[in-house]
There are 2 protein chains.
Amino acid sequence: MSPTPRKLEIITAASTLFKEKGYSAVTMRDIAKALGIKAASLYNHIKNKEEILTFIIISLAEEFIKGIALIKNRDSSSVEKLKQIITLHVEIASNNTNGMASLNNDWMHLKDELDHYLNLRVDYEDSFREIIKEGIEKNEFKNLNPDIMLFSVLSTLRSLYIWIPLKEDMDPSVLASNLSEVLLKGINK
Amino acid sequence: MSPTPRKLEIITAASTLFKEKGYSAVTMRDIAKALGIKAASLYNHIKNKEEILTFIIISLAEEFIKGIALIKNRDSSSVEKLKQIITLHVEIASNNTNGMASLNNDWMHLKDELDHYLNLRVDYEDSFREIIKEGIEKNEFKNLNPDIMLFSVLSTLRSLYIWIPLKEDMDPSVLASNLSEVLLKGINK
DNA sequence: ATCGTAAACTAACAAGCGTTAGTTAAATTT
DNA sequence: AAATTTAACTAACGCTTGTTAGTTTACGAT
């Protein structure tokens, strides 16, 4: 199940290219060239192009599902849980900005595992929405449309992969706490 | 300069497909089929595939540039200006969710007009950042890292094209005001 | 009625695509 | 030392790609 080192190198090289041009615009010859080999040699390590994308996306989606499952069942305040979700996103995105690009932009090119991915995404959003609703009930969050709140926060977190590489100087924990401030309290003084 | 009606139909059909699968995964035959014609017939109306993408992206980018130029030079408060930017995004995205997908995800496939697009984007972000810095100086906004504030707000606004079609019942002006509340004041009570 | 134009068509192209088959050379195991 | 395995290679496949050339059809203007 766990990929061999060489397979991981292929996946890593592919991730970089997928982020630059998107899955469809990257050819097997592009990936091979990035590794200094011929395209046919890739098939000693992977089944096909789709398997590369599937691995990138599903393993990230499962990281998020595992993370939010832990957070959901803690007995912290809703504010605390939201901060932990923000930290979760910052950590995962910091470790793999390239993969996050595919998770966000290339998921529709999955075939065998598309349903699996969509289920994971719905589960994640449901858990997130539930934490927001809980926070409203417990009077920790404003009583606004939960979907708009979810949309707003999640849009920011999903875009992290774009911004993190532009701010390599910034420590992930600093980014997470600044982001918590902005998302929870807004930018208005 | 302004496209003929038939050309606009082609661009519109292409936009829908580009949103679904991304520019690279959409073929000229796909676009033709959506219009009930053959691929070769498209070339009676357009120069090539790239021209379609260029039109979609550049005309949207110029809408944003024109919008923010007007807002920048008004003598409103910074809070007021930010609300106007939010309204600008909601309006443009509501009118053309398909095109917004290309603006966000397919710009790297521009060739002739890539530099032009990048210049427009930098100009837009600079104007936006300037409004935020002004708001900090005038004590209307928190004194946090302006880039994080810009990133957070802009990420939400740039993702609108995904969420608007899921919430067709919601009026654009209601969405804009709810969004202003969340982005300015946060979700924390 | 004829002309000119607009917009569709068929047919075909060269290039690039993902992938397979079969081979070779080096490293590891027996 | 021999046998096996690993990971690269060359060559080629059938298919799809964007695009061009040349043709046909319908229609409004002369």
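Here the structure is a predicted model, which is why all the values come from computation and not from measurement. Letters go in sequence order (proteins before strands), and every chain restarts at 1.
With DNA chain C read from its 5' end, the first of the two nearest nucleotides for A/Asp30 and A/Lys47 is the one closest to A/Asp30.
Rounded to an integer number of Å, the gap from CG of B/Asn48 to P of D/dT20 is 8 Å. Atom-to-atom, CD1 of B/Ile10 to C1' of C/dA7 comes out at 10 Å; the value is rounded to the nearest Å. Between the OH atom of A/Tyr43 and the P atom of C/dC17 there is a distance of 12 Å, given to the nearest Å. Between the NZ atom of A/Lys49 and the C1' atom of C/dT20 there is a distance of 18 Å, given to the nearest Å.
Between B/Lys167 and B/Leu175, the closest side-chain pair of non-hydrogen atoms is not below 4.5 Å. B/Lys66 has its side chain out of reach of B/Leu70: every pair of non-hydrogen atoms, C-beta onward, lies at least 4.5 Å apart.
In this structure A/His45 satisfies the ring pair (Phe, Tyr, Trp, His ring centres under 6.0 Å) test with no other residue, sequence neighbours excluded.
Sorted by first then second residue, the ring-ring contact (aromatic ring centres under 6.0 Å, His included) pairs that include residues 59-92 of chain B, not counting sequence neighbours, are B/Phe64-B/His89, B/Phe64-B/Tyr124, B/His89-B/Tyr124.
With hydrogens and angles disregarded, a donor-acceptor distance shorter than 3.5 Å links the side chain of A/Lys49 to the backbone of A/Tyr23.
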At a cut-off of 3.5 Å, list every protein nitrogen or oxygen paired with a nitrogen or oxygen from nucleotides 5-13 of chain D, distance to 0.1 Å.
from: D/dA8; atom 1: OP1; to: A/Arg6; atom 2: NE; distance (Å): 3.1
from: D/dA8; atom 1: OP1; to: A/Arg6; atom 2: NH2; distance (Å): 3.0
from: D/dA8; atom 1: OP2; to: A/His45; atom 2: NE2; distance (Å): 2.5
from: D/dA8; atom 1: N7; to: A/Asn44; atom 2: ND2; distance (Å): 2.4
from: D/dC9; atom 1: OP2; to: A/Lys38; atom 2: N; distance (Å): 2.6
from: D/dC9; atom 1: OP2; to: A/Ser41; atom 2: OG; distance (Å): 2.9

### Message
As a quick check of understanding, evaluate side-chain hydrogen bond (donor to acceptor under 3.5 Å, both in side chains) for B/Asn44 and B/Ser41, giving each step before the final call.
### Response
CA-CA 6 Å; B/Asn44 286 317; B/Ser41 306; 5.0 Å; no

